[in-house]
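Notes for the one structure printed next.
Being a predicted model, the structure only gives us computed values, none of them experimental.
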Amino acid sequence: MEWESWKTTIELLAAAALLLITSLLSVVFCEARRRRFNNSHVEGESVFEDPNSLQPVSCPSIYDPAEKYLSLIVPAYNEEHRLPGALDETMNYLRQRMEKDKSFSYEVVIVDDGSTDATKRVAFEFVKKYRIDNVRVLLLGRNHGKGEAIRKGMLHARGELLLMLDADGATKINDLEKLENQISAVTRKELKLNNGATNDSSVRISDVPVAAFGSRAHLEQKALATVESLRLILRKWYRNFLMKGFHLVVLFAAGPGIRDTQCGFKMFTRAAARKLFTNVRLKRWCFDVELVYLCKHFKIPIAELSVTWSEIPGSKVNPLSILNMLWEIVLMSVGYRTGMWKISS
């Protein structure tokens with residue numbers, strides 16, 4: 001009788017486990033299917049609002065020819081306190097560079113991801129100060145997630161080169177030159193391999209798909225080396241934990257090659273941005289991993305370079321973020337591996 005009781009209990013547990021696994025798989029497949037058109041949905045016509053004239057300005061398209069040399073895409077969600085300092089540093093750098101190089105042109109696209117604080121007001125102050133040709137604000141209306149904010153900004157940017165950067169200013173803005181120079185070097189190499197020459201004046205840097213990722217991987221050893229002094233720790237412990245654990249998951253989902261997928265400092269040529277951001281479906285933390293996956297699918301060269309990075313108080317990353325990250329990676333893996341998520345060329 002005792003064995004029969006144990007046998008019944010084991011069978012019930014096995015049935016419950018099977019039901020749980022089946023239900024979980026069903027939820028994953030249904031959610032992946034629901035998101036299969038996330039890369040192409042449009043919620044009304046996108047416009048920039050000019051606070052000086054109070055007139056809407058039509059958004060350009062990533063399919064249009066480039067009008068600027070450099071576009072900087074800044075996603076912002078409730079960043080009224082951190083955004084001013086980051087934008088001041090960014091604008092000072094851009095204006096100084098423009099004074100040195102008259103051919104240099106830029107735009108800063110601030111994407112307000114449904115902020116409930118004074119982020120919109122702060123952003124519009126910079127538009128008034130620097131004019132809408134140089135600084136633009138794209139309002140999403142409600143919160144979608146960092147990935148969606150960057151996607152929208154990229155799709156409506158005018159640059160030959162497009163840089164995404166965080167609103168907290170954690171990465172030194174002049175490090176963009178590292179990414180820019182590397183993209184130029186890779187572009188020349190790609191043109192030489194494909195055409196046998198690099199003196200074709202009709203080919204611009206924006207025409208060759210290349211990506212350059214800023215990386216904080218070099219900070220891991222520095223953080224470990226200073227662990228004995230809490231005042232000298234450069235990165236919070238859970239960020240180091242997330243980076244190490246997350247990297248293992250990324251190896252499974254997107255493959256090897258990039259040590260730090262989550263650094264918010266990435267540059268793309270216009271051709272690369274067109275391919276990538278018309279296909280990205282993930283809206284929140286893991287869109288960076290999807291970018292790596294798509295780069296490999298399109299055989300877009302990725303350069304990873306160390307950047308100067310520092311911890312800025314007010315980060316929205318927390319230990320619970322890893323649950324959302326894992327969920328999105330599972331959805332991405334199922335979506336692409338089953339063919340539900342079609343990649344448009």
Side-chain angles (χ1 to χ4, degrees), residues 38-42 46 48 58-75 90 94 105-111 113 136 138 140 144-166 171 175-187 190-191 203-214 254 258 261-283 286-305 332 341-345:
N38 269 14
N39 62 312
S40 58
H41 79 280
V42 178
S46 296
F48 295 109
S58 297
C59 285
S61 168
I62 191 67
Y63 292 103
D64 296 336
E67 299 177 15
K68 300 280 188 177
Y69 175 70
L70 179 65
S71 291
L72 295 88
I73 315 301
V74 184
T90 298
L94 294 172
S105 59
Y106 71 89
E107 68 170 348
V108 177
V109 180
I110 306 164
V111 186
D113 188 24
R136 297 183 165 189
L138 183 60
L140 299 191
H144 292 270
K146 179 181 177 181
E148 179 66 2
I150 290 175
R151 188 182 81 90
K152 285 288 181 64
M154 290 283 178
L155 293 180
H156 298 303
R158 297 175 289 168
E160 293 187 53
L161 296 176
L162 298 89
L163 174 75
M164 52 176 268
L165 65 163
D166 291 337
T171 305
D175 275 356
L176 70 84
E177 294 177 24
K178 293 183 180 180
L179 279 59
E180 178 186 352
N181 292 336
Q182 187 63 28
I183 282 181
S184 296
V186 174
T187 298
E190 290 292 308
L191 289 175
V203 179
R204 304 170 66 180
I205 190 172
S206 58
D207 298 328
V208 183
V210 183
F213 290 7
I258 302 299
T261 61
Q262 300 310 109
C263 181
F265 202 74
K266 295 181 174 70
M267 183 178 285
F268 310 89
T269 61
R270 193 169 187 81
R274 186 181 302 121
K275 288 177 177 287
L276 298 173
F277 290 96
T278 53
N279 281 290
V280 166
R281 290 170 171 85
L282 297 181
K283 295 185 176 184
C286 283
F287 79 98
D288 302 84
V289 180
E290 189 177 5
L291 287 175
V292 174
Y293 180 90
L294 290 170
C295 279
K296 292 184 177 183
H297 172 84
F298 286 117
K299 294 181 171 56
I300 295 175
I302 307 175
E304 186 176 17
L305 301 100
M332 186 192 82
W341 292 10
K342 305 295 184 183
I343 299 177
S344 171
S345 59

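In this structure, F287 CZ and M332 CE are separated by 13.0 Å, a value rounded to the nearest 0.5 Å. Atom CD of E180 is separated from atom OH of Y69 by 3.5 Å, given to the nearest 0.5 angstrom.
With hydrogens and angles disregarded, no donor-acceptor distance shorter than 3.5 Å links the side chain of Q182 to the backbone of A303. The main-chain N or O of Q262 is never found under 3.5 Å from a side-chain atom of D288 such that the two would form a donor-acceptor pair. Between the side chain of R270 and the backbone N or O of L162, no donor-acceptor pair lies under 3.5 Å. In this structure a side-chain-to-backbone donor-acceptor pair under 3.5 Å is present from H156 to P60. The main-chain N or O of T261 is found under 3.5 Å from a side-chain atom of K266 such that the two form a donor-acceptor pair.
Using a 4.5 Å heavy-atom cutoff, the side chains of H297 and I343 are in contact. Annotation: side chain of R151 is in contact with side chain of E148 (closest heavy-atom distance under 4.5 Å). Contact of the I300 side chain with the P209 side chain is registered, since non-hydrogen atoms from C-beta on lie closer than 4.5 Å. Annotation: side chain of N279 is not in contact with side chain of W341 (no heavy-atom distance under 4.5 Å).
When the options I205, L161, V208, T269 are evaluated for a side-chain contact (heavy atoms from CB on, under 4.5 Å) with S184, the one that passes is I205.
For K146 and D166, the salt-bridge test passes: some basic side-chain N is under 4.0 Å from an acidic carboxylate O.
Partners of E107 by salt bridge (Lys or Arg N to Asp or Glu O under 4.0 Å), not counting sequence neighbours, listed by chain and number: R158.
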